[in-house]
J.: 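Below is one structure. I have some questions about it.
Throughout, a chain's letter reflects where its sequence line sits, starting with A, and its residues are numbered from 1. Here the structure is a predicted model, which is why all the values come from computation and not from measurement.
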There are 2 protein chains.
Amino acid sequence: MIVRKLQDAEKTDRKIVSEGWDSTRLCLKSDNMGFSFHITTIFRGAELPLHYQNHLESVYCVSGEGSIEDLATGEIHEITPGVIYLLDKHDKHILRATQEMKMACVFNPPLNGKEVHDASGAYPLDADEVSGK
Amino acid sequence: MIVRKLQDAEKTDRKIVSEGWDSTRLCLKSDNMGFSFHITTIFRGAELPLHYQNHLESVYCVSGEGSIEDLATGEIHEITPGVIYLLDKHDKHILRATQEMKMACVFNPPLNGKEVHDASGAYPLDADEVSGK
């Protein structure tokens, strides 16, 4: 059994800060769970074009408000607490936060730890691992 | 892309109610994500002996208060918002809620949908699927 706390992990290199978002990775590939789990904050006003070509991702909204635009269909889905979206087709999308959003994210395959989005909005498969337990 | 809402899913057979807990399964095996994702409520005062022999599970506390007892070591870990525990060794444990807890749970392999715990505290691998989208 492994027990961790978000508030502790945020003080380590499990927390990645980038343009418009940060993400604290509480479960990673090295945990051998077959998925990774992150608590991600999307900053108010952020507009993020994303395209996870290498991963499947589910995103559950814990708090905040925004939307996701499906670039294949043009559809815009409102995001409020309780909404989940599954990127089951590596869907190209734009994520927007009208209020700061806290999201519980699951990735398959699991992230190594240090991923940030590349120019295409994807995470690479070969990012560095975090050093902490 | 699949979008669902907890508040809608709670009105369907995605919500399973059992002794001391209920669980609304927002992402299941049929979604082909390689994991399942559930929002689970542990009722105040519940004491649940659990042993997921067939699954790996991560559990993140969104709200509430309780504890998890690791029956291999006797250790008791407090659960408060921000705590995650990973049952990476199919750990036998007792989950207790001193206040109602809302948990974001991920299972690998994914659940089919209708699982409830058997006498050993495990979920079977061959449960029925839910019927809704």
Side-chain angles (χ1 to χ4, degrees), chain A residues 1-10 14 24-28 30-39 55-63 67-73 75-93 102-110, chain B residues 1-10 14 24-28 30-39 55-63 67-73 75-93 102-110:
Chain A
M1 182 182 307
I2 298 167
V3 182
R4 296 190 179 110
K5 196 165 178 174
L6 177 66
Q7 296 84 339
D8 298 333
E10 283 173 337
R14 289 186 174 275
T24 302
R25 294 160 177 175
L26 292 172
C27 168
L28 285 164
S30 55
D31 294 317
N32 295 314
M33 297 291 285
F35 56 83
S36 59
F37 183 95
H38 326 142
I39 297 295
H55 299 86
L56 301 174
E57 188 196 16
S58 78
V59 180
Y60 176 79
C61 178
V62 174
S63 66
S67 66
I68 179 170
E69 179 174 351
D70 182 340
L71 290 178
T73 64
E75 242 181 314
I76 294 176
H77 304 274
E78 244 190 273
I79 300 176
T80 52
V83 168
I84 193 170
Y85 60 85
L86 314 180
L87 302 171
D88 62 327
K89 295 184 187 70
H90 304 281
D91 310 76
K92 220 170 161 169
H93 64 285
K102 294 277 181 192
M103 317 294 260
C105 306
V106 186
F107 278 81
N108 172 22
Chain B
M1 182 183 308
I2 297 166
V3 182
R4 296 190 179 110
K5 197 167 178 173
L6 177 66
Q7 296 83 341
D8 297 333
E10 284 174 337
R14 289 186 174 276
T24 302
R25 294 160 178 175
L26 292 172
C27 169
L28 285 163
S30 55
D31 294 318
N32 294 313
M33 298 289 285
F35 56 84
S36 59
F37 183 96
H38 326 141
I39 297 295
H55 298 86
L56 301 174
E57 187 195 17
S58 79
V59 180
Y60 176 79
C61 178
V62 174
S63 65
S67 66
I68 178 170
E69 180 174 350
D70 183 339
L71 291 178
T73 64
E75 241 180 314
I76 294 176
H77 304 275
E78 245 189 90
I79 299 176
T80 53
V83 167
I84 193 170
Y85 61 85
L86 314 180
L87 302 172
D88 63 326
K89 294 184 187 70
H90 304 282
D91 310 76
K92 219 169 162 170
H93 63 285
K102 293 278 181 191
M103 318 294 259
C105 308
V106 185
F107 278 81
N108 173 19

J.: CG/B:L6 to OH/A:Y60 distance, rounded to the nearest 0.5 angstrom?
T.: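 Reported to 0.5 Å precision, the distance equals 4.5 Å.
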
J.: Please look at A:P109 and chain B and tell me whether the side chain, the backbone, both or neither of the residue comes under 4.5 angstrom of a heavy atom of that chain.
T.: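 Answer is neither: A:P109 stays 4.5 Å or more from chain B.
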
J.: Once side-chain contact (heavy atoms from CB on, under 4.5 Å) is applied, do any residues pair with A:D8, and if so which ones, sequence neighbours excluded?
T.: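 Counting only residues at least two positions away or on another chain, A:D8 forms a side-chain contact (heavy atoms from CB on, under 4.5 Å) with A:K5, A:K11.
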
J.: Go through the atoms of B:T80 and report whether side chain, backbone, both or neither lie under 4.5 Å from a heavy atom of chain A.
T.: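 Interface part for B:T80: side chain.
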
J.: Does any part of the side chain of A:M33, heavy atoms only, come nearer than 4.5 Å to the side chain of B:V106, both counted from C-beta?
T.: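 Counting from C-beta outward, B:V106 and A:M33 never come under 4.5 Å.
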
J.: Using 0.5 Å steps for rounding, measure from the CZ atom of A:F37 to the CD1 atom of B:I84.
T.: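 The CZ atom of A:F37 sits 5.0 Å away from the CD1 atom of B:I84.
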
J.: For A:V59, which residues count as a side-chain contact (heavy atoms from CB on, under 4.5 Å) partner, sequence neighbours excluded?
T.: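 Counting only residues at least two positions away or on another chain, A:V59 forms a side-chain contact (heavy atoms from CB on, under 4.5 Å) with A:E57, A:Y85, A:M103, A:C105.
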
J.: Please give me the minimum heavy-atom distance between B:D31 and A:D88, naming the atom from each residue.
T.: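 So the minimum-distance heavy-atom pair works out to O-CB, 4.2 Å.
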
J.: Got a sec: does the CD of A:E78 have more than 12 other heavy atoms crowding it under 6.0 Å?
T.: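 No, because the 6.0 Å sphere around CD of A:E78 holds 12 heavy atoms or fewer from other groups.
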
J.: Let me know if A:V62 has heavy atoms under 4.5 Å from chain B in its side chain, its backbone, both or neither.
T.: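 For A:V62, the side chain is the part near chain B, not the backbone.
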
J.: Name the region of B:H93, side chain, backbone, both or neither, that has any atom closer than 4.5 Å to a heavy atom of chain A.
T.: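 Contact with chain A: side chain only.
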
J.: Is it true that atom CD of B:E10 has more than 12 heavy atoms of other residues, nucleotides or ligands lying nearer than 6.0 Å?
T.: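 Enclosed.
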
J.: Count the heavy-atom pairs under 4.5 Å between each of B:L87, B:L56, B:I2 and chain A, then report the option with the highest count.
T.: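 Among B:L87, B:L56, B:I2, the one with the most close pairs to chain A is B:I2.
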
J.: Report which part of A:I79 has an atom under 4.5 Å of a heavy atom belonging to chain B: side chain, backbone, both, or neither.
T.: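 Looking at A:I79, nothing touches chain B.
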
J.: Counting only heavy atoms closer than 4.5 Å, note whether A:N32 contacts chain B via side chain, backbone, both or neither.
T.: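 Answer is backbone: N, CA, C or O of A:N32 sit under 4.5 Å from chain B.
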
J.: Return the option, out of A:A104, A:G34, A:S58, with the maximum number of heavy-atom pairs under 4.5 Å with chain B.
T.: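 Option with the top pair count is A:S58.
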
J.: With a 4.5 Å limit on heavy-atom distance, are the side chains of B:M1 and A:E75 in contact?
T.: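 No; the side chains remain at least 4.5 Å from each other.
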
